[in-house]
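Remember, predicted model here, so these are calculated numbers, not experimental data.
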Amino acid sequence: MSLNDRDIDSPQAMARLIALLIVADTKLDPRELAMLDELDAFGRLGLERAEFMRVASDLCEELGERLQARPWLSLSEQALIEAELQAVRDPAKRLLVARLGAAAITADGRVQESERVLFDYLLLRWGLTRADVSQAIREDRPQAER
């Protein structure tokens, strides 16, 4: 995906990052999608679930071409990861991506090493902490329970 100004902070840019976190372990667990549904993630990102699935599918196709011989995404794909991270610049949108991403990667009851490494890298590059994400989750709970 070539990055241009209209892609910055778009719903698709945010969706690509969440999809990247989810597929970092090479699996799309149905519980991860269920968690995104429960949190109204697609609506909060500004797109329909079907659009998210199309974005995720396109990303998986791109990754498949890049990673042919390797079983999963790693930080060795730094240029791809950096491009995706640069596509979301608004601090509130970054926090939303981190919050939804954290929920998705923990939904299956475990965080794979590849998911953790990518999530930690996202936090580092964006200047966020786990405490920031935890606070966003706490603040989000009343909204999710409505």
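Residues Arg54 and Glu51 share a closest heavy-atom pair of NH2-OE2, 2.8 Å. Minimum heavy-atom separation, Met35 to Ala104: CG-N, 4.3 Å. Taking all atoms of both residues into account, the shortest heavy-atom contact from Gly101 to Leu21 is CA-CD1, 3.8 Å. Taking every heavy atom of both residues into account, Asp132 and Gly127 meet most closely at OD2-O, 4.2 Å. When all heavy atoms are compared, the tightest approach of Ala24 to Ser114 is O-OG, 3.0 Å.
Side-chain N or O atoms of Asp90 include none that pairs as donor or acceptor with a backbone N or O of Asp9 at under 3.5 Å. Between the side chain of Arg94 and the backbone N or O of Val88 there is at least one donor-acceptor pair closer than 3.5 Å. Side chain of Ser57 to backbone of Met53: no donor-acceptor contact under 3.5 angstrom is found.
Atom CD in Gln135 sits 13.0 Å away from atom CG in Leu128 (nearest 0.5 Å). Rounding to the nearest 0.5 angstrom, the gap separating the CZ atom in Arg125 from the CD1 atom in Ile81 is 11.0 Å. Distance check: Leu100 CG to Met14 CE gives 9.0 Å after rounding to the nearest 0.5 Å. Asp108 CG to Arg31 CZ: the interatomic distance, rounded to the nearest 0.5 Å, is 5.0 Å.
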Inset, instruction - Kindly determine whether Glu82 and Gln86 satisfy side chain to side chain donor-acceptor pair (under 3.5 Å), including the steps that lead there. - result: CA-CA 6 Å; Glu82 284 297 327; Gln86 284 300 313; 4.5 Å; no

Legend entry - Worked check of side-chain contact (heavy atoms from CB on, under 4.5 Å) between Val111 and Phe119: CA-CA 10 Å; Val111 178; Phe119 185 75; over 6 Å; no

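Contact annotation: the side chain of Leu39 approaches that of Arg99 to within less than 4.5 Å [non-hydrogen atoms, C-beta and beyond]. Using a 4.5 Å heavy-atom threshold, the side chains of Ile18 and Phe52 count as touching. The shortest side-chain heavy-atom distance between Glu32 and Glu115 falls under the 4.5 Å cut-off. Taking 4.5 Å as the limit, some side-chain heavy atom of Arg49 sits within range of a side-chain heavy atom of Leu33.
Under a 4.0 Å N-O distance rule, the pair Asp120/Arg130 qualifies as a salt bridge. Taking the charged nitrogens against the carboxylate oxygens, Arg44 and Asp140 do have a contact shorter than 4.0 Å, which makes a salt bridge.
Tracing side-chain contacts under 4.5 Å through hydrophobic residues (I, L, V, M, F, W, Y), one never reaches Val55 starting from Leu85; they form parts of separate clusters.
Of the N and O atoms on the side chains of Asp7 and Ser10, not one donor lies less than 3.5 Å from an acceptor on the other residue.
Exactly one residue among Leu20, Leu123, Ile22 makes a side-chain contact (heavy atoms from CB on, under 4.5 Å) with Leu118. That residue is Leu20.
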